[in-house]
Structures are given as C-alpha cells and as structure tokens.
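Below: the structure, in structure tokens.
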Amino acid sequence: MKKRMLLSAVLLTSVVTATGCVSTMDELTNIEPWVKPYERSNLADPIMSVNRNPVAMAYMRHVFEAREAARGADGGAGGGCGCN
Amino acid sequence: MVVLEVVVVATRFWIAAAAVWFSCNATAAVLPQDRSDVMYHSYSGDGVTIDGPSVMLRKKVGNKVSFSANYYVDAISGASIDVRAQASKYQEERTETTVGADFIHNKTLMNVSYTNSSENDFEANSYHLSFSQDFFGDLSTLALSYSRGNDEIRRVGDESFLEEATRQKLGLGLSQVVSKNMIIGFNAENISDDGYLNNPYRTVRYLDADSARGFSFTTEVYPNTRVSNAFSINANYYLPYRASIYGDMRYYSDTWGVKATNAKLGYIHTIGKAWILDAHVRFYQQDKANFYQDLFNRADEFTFMARDKELSTYSSFSGGIAATYEWQFSSNALVEKSTFNIEYDYMHFDYDDFRDATTGETVGEEALFGFSANVIRAYVSIWY
C-alpha cells in the first residue's frame, strides 16, 4: 500500500513539475511559435485533418477491431494546428 | 496481481495527472463544430453481411459546451466459417447509443461520454473521459483519456448463463505541428480486460477418432485477464498543390502473446473547391496468441485453448477509395456547408494456421483459410 502511495506521489510530482502550474506552463503556452498563425492555412484545410469524418472513421475502427486482435492507439491525437 | 496493481496505480496517476492538467492555464482550444451525419454502412465477406445506419448529431449550447449523440445499428446475417463448420445461419442486431459533451474550461477541452451497446445476448456500458490542451504556441496538443466499461454476456438457449467482464483504457496522444505543411502525431494506449473474455459460442477443434470427420468441437477456454499496449505514429503532409499524403504505423502486443503491426498510406486529391478524392492502402500482420491452435490433440489438452481465427497468425491487405462532394452555403444560412460522401474498401485476409474445416480433406491437412470482404460507407454531412 505504502509502495503504491509512494509511486503515485512520485508520478504526480513529476507531472506537476513537468506541467509546472506555477510558471512553466505559462512559458510553454506562450512560447514563440515557429509556424505563425497566418502560416497555418494549409494545416487548417480539412484534407489535413486526421479525423475529418468522425462517424466513418469510428466505423472503420470498429471493422478492423472486430477482425484483428490488435486494438487501441488507432485514433488521432485529438489535436490540430490551433487554427480553427 | 502485479499487473492489476500497476493498472490501479496507473489509473490513479492518469486521473490525478488529468486533474492537474485541467487546473492549469492553457491556450487556444476550440469546441467541435456543429454538424450532423447520416450514414449507411455495409460489410460483406466470409458469408456474413453486416449493415445498418449511423446517425450523429452535435450542437453547441452557449460558448462553453457542445453536446453530441450517436445512434448506430449493426444488422448481422449469414454464417461465417466458424458457424459453417458446425451450426446453422443466424441473424441478430446490435444497437449502440452514445451521448457525450465537450466542455471548454480555461481553454482546456474536456470530453465525457457514455456508450451503451446492446444485443440479445450481450450488454455493454462504458464511460469515457478525456482532456486535451494546446501548448508550445498552439503547435502541440496533448490528450489524455480514460475509459471504463462493463460487459454482461449471455448465451441464447441457456437462461442460466451469465458472465461479466470489465474493461479499462488509458490513452495518451500528442500531435505536433512540424512545419506549415506537416503535422505528426503519437498515440499510446493501454487496455486491460478482466472477467469472461471468451465468445460463449466459439469452440476449439480436437482430434476425435470416434467422429466420422476425425475431429470434434468443444468450448474454448480463455484466460480471465488480458492487458495490451499499442503505440502508433501518424503524419499528414500538405503537397505544393491542394493535396496531401498521410500515413500511420502501429505496434501492438498483449499478455496473450499476440504481437501485431500495421501501416497505412494514403493520398488526398482535390478537384476545384467541391471534390475531395482519397485513395489508401493498409497492411496488417499479427502473430498468434500463446494458446491458439487450429487443431488440438484432445478436448482438455491445455488449461487455455482457443481457435478464434482473429487470434491466429495471419496477414491482411486492404485498399480503398473515397469521394466527397461539398456544397458551401452562406454563413448566415441555416445550413452553412453540406457534403455527400461515398467510401469503398476491399479487404483480403490470409491465415497461416487456420484451416478450412468444411473441406472434408484429411484432418489437419485442409486448405488454409482466407477470404475477401467489401466495405461501403455512404453518408451525408451538414454543418450548421
């Protein structure tokens, strides 16, 4: 039990440190982007979207999952280019 | 036990990490656009046809919340190789309903959803929670997700049969803008199952000198736990004209001994502003589970025994094409944009150690099994 609590505390501390609610997060979020907002028109085009048609994509994921033993990590990262 | 402990610690870690992430400041995240999709889907292969509708509605309420709902039906008819080898055709239906909501809080995006999947002999309920946040000047997006589900498994014709299983999923996703023409992504997912993981109808084949065919069938037996890890990378690249290429690769392994890899490569081409055309190929290969065999020496040869071809060694290829036609309307109109989409995929599966037991050839020397399938999606999408 002690071991688990210790492990959880270490992991959580590392997240707090990594995300740094204090000031690191501000620095990370305010970092100067090397692709400027006005340079993101290509990235914002629907043809660059991993999940352009969510219903069809979810269906194909289901088709493959039903016929393959492998599962998971088959979606997009849920991210984009911040240019919507 | 150790695995369970790791899963428990990892679960707490993810929840705590998500809470920390959620409480921190962030930047640009946006709610999904209001849209609706109505789709007809069809899968046909190995003597089985599965088709039905899928309807999705999504609507913002205010600036902070977007609600979504999806209704999906699989109408299944026919008889796959497993059924043809020992029983008769069957017909059944599965309905799946999902309701969800996306929230923006301090510009961090949070999603919660609930899904119910229902069949006459199977009931599954699952809950999903995810957070995503942009940082590094909106060039990176980190997503964390957690899902938990409970299954109730019944067997038609046996009122006393009732088994349960629980499933947990932990996901991590990172997408990164590399240049003004390229986005890459990384995903990792850990899935752990606990409980009755068999198919209550599926059987294993064993040598039986008393049978006219030389073999008989008995119920398969699976372990009660399964933990898997999958890692994938993907990339999208915008070409010098309005077109893109995309690809992904995934590596998978689990505690049943299955190892798999797959890769996909696609090209998207546009014609004018209205047409989007897509062509893609995908390869998949897997190595069998430790307890899989096409033919066992006797009914109780091992503690765990499976003859599910999805747990055997095999490879598959699929190739597909898709076309989208888009109508743009005024942004003041009730419907801002609409698309009609048609998508087709051809799939072929070749099994390395799953034999066709229906051929009547010498036991254990039957032809290796393989089959092809056709998959169609036709749908209309509207944005409003």
Side-chain angles (χ1 to χ4, degrees), chain A residues 3-5 7-8 10-12 14-16 18-22 24-26 28-37 39-43 45-50 52-56 58-60 62-64 66-84, chain B residues 5 9 12-13 16-17 20-21 23-28 30 37 39 41 43 54 56 132 134-139 141 143 169 173-175 177 179-181 183 185-189 191 228 230-232 234 236 238 244 250 252 258 260 262 268 270 276 284 286 310-311 341 343 375 377 379:
Chain A
K3 259 186 180 176
R4 255 197 266 167
M5 284 176 67
L7 183 56
S8 297
V10 169
L11 290 169
L12 193 56
S14 62
V15 171
V16 173
T19 58
C21 267
V22 189
T24 316
M25 180 56 81
D26 285 339
L28 292 179
T29 53
N30 294 328
I31 200 167
E32 188 68 21
W34 59 88
V35 180
K36 310 283 185 213
E39 293 178 315
R40 299 180 195 176
S41 59
N42 289 351
L43 301 172
D45 192 311
I47 67 170
M48 286 291 280
S49 172
V50 174
R52 180 160 54 100
N53 294 308
V55 173
Y59 170 71
M60 285 310 288
H62 168 60
V63 167
F64 286 121
R67 279 147 204 94
E68 297 172 351
R71 57 196 188 160
D74 51 358
C81 62
C83 42
N84 279 329
Chain B
E5 208 162 282
V9 172
R12 287 180 182 166
F13 163 69
V20 168
W21 200 263
S23 63
C24 293
N25 268 339
T27 58
V30 288
D37 296 76
M39 179 173 82
H41 60 84
Y43 168 92
S54 178
M56 198 270 286
S132 73
D134 297 344
F135 59 106
F136 285 137
D138 301 349
L139 297 180
T141 302
K169 297 180 181 183
L174 177 69
S175 79
V177 171
S179 72
K180 59 184 181 183
N181 291 318
I183 302 176
F186 166 78
N187 283 279
E189 192 163 24
I191 303 178
S228 67
F231 304 93
S232 70
N234 60 73
N236 288 52
Y238 197 94
S244 68
R250 177 176 67 169
Y252 169 91
V258 176
N262 59 268
I268 297 177
T270 58
I276 299 175
Y284 177 86
Q286 77 173 42
E310 274 80 47
L311 292 178
N341 310 268
E343 303 179 1
V375 187
R377 288 85 71 203
Y379 54 103

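Atoms considered below: every heavy atom in the structure, side chains included; atoms not considered: hydrogens, waters and symmetry mates.
Residue contact with chain A, scored on non-hydrogen atoms closer than 4.5 Å, involves the backbone and the side chain of B:I191 alike. Only the side chain of B:A260 comes within less than 4.5 Å of a heavy atom in chain A; its backbone stays farther off. The part of B:Y379 that comes within reach of chain A is its side chain, from C-beta onward, which places non-hydrogen atoms under 4.5 angstrom from that chain. Using a 4.5 Å cut-off between heavy atoms, B:N341 contacts chain A through its side chain alone, with no backbone atom that close. Heavy atoms closer than 4.5 Å to chain B are found in the backbone of A:A66, but not in its side chain. For A:V55, the parts lying near chain B are the backbone and the side chain together; criterion is any non-hydrogen pair under 4.5 Å. At a 4.5 Å heavy-atom cutoff, the contact between A:D45 and chain B is made by side-chain atoms alone. In this structure, chain A has heavy atoms under 4.5 Å from both the backbone and the side chain of B:N181.
Considering every non-hydrogen atom in both A:A69 and B:V258, the closest pair reads CB-CG1, 3.7 Å. Nearest approach of A:A73 to B:A230, heavy atoms of both residues: CB-O, 3.5 Å. Closest heavy-atom contact between B:I268 and A:I47: CD1-O, 3.5 Å.
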Practice problem: Check the pair B:V177, A:R40 against side-chain contact (heavy atoms from CB on, under 4.5 Å), reporting the backbone distance first and the verdict last. | Solution: CA-CA 10 Å; B:V177 171; A:R40 299 180 195 176; 5.9 Å; no
Self-check item: Working for side-chain contact (heavy atoms from CB on, under 4.5 Å), residues B:K180 and A:N42
Solution: CA-CA 7 Å; B:K180 59 184 181 183; A:N42 289 351; 5.6 Å; no
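Listed options A:E39, A:K36, A:M60, A:R71 were ranked by heavy-atom pairs under 4.5 angstrom with chain B; first place goes to A:R71. Interface remark: of the candidates B:K169, B:Q286, B:M56, B:Q286 forms the most heavy-atom pairs closer than 4.5 Å to chain A.
Counting heavy atoms from C-beta outward, A:V63 and B:R377 have side chains that stay 4.5 Å or more apart.
With rounding to the nearest 0.5 angstrom, the CZ atom of A:R52 is 4.5 Å from the CD1 atom of B:I276. Separation of atoms CG (A:N53) and CD (B:E343) is listed at 6.0 Å; rounding is to 0.5 Å. Atom CG in A:L43 sits 5.0 Å away from atom CD1 in B:I183 (nearest 0.5 Å).
Judged purely by atom type and a 3.5 angstrom limit, B:S244 has no side-chain atom pairing as donor or acceptor with the backbone of A:M48.
Figure legend: cation-pi geometry between A:R67 and B:Y284 absent, as NZ or CZ is not positioned both under 6.0 Å from the six-membered ring centre and within 45° of its axis.
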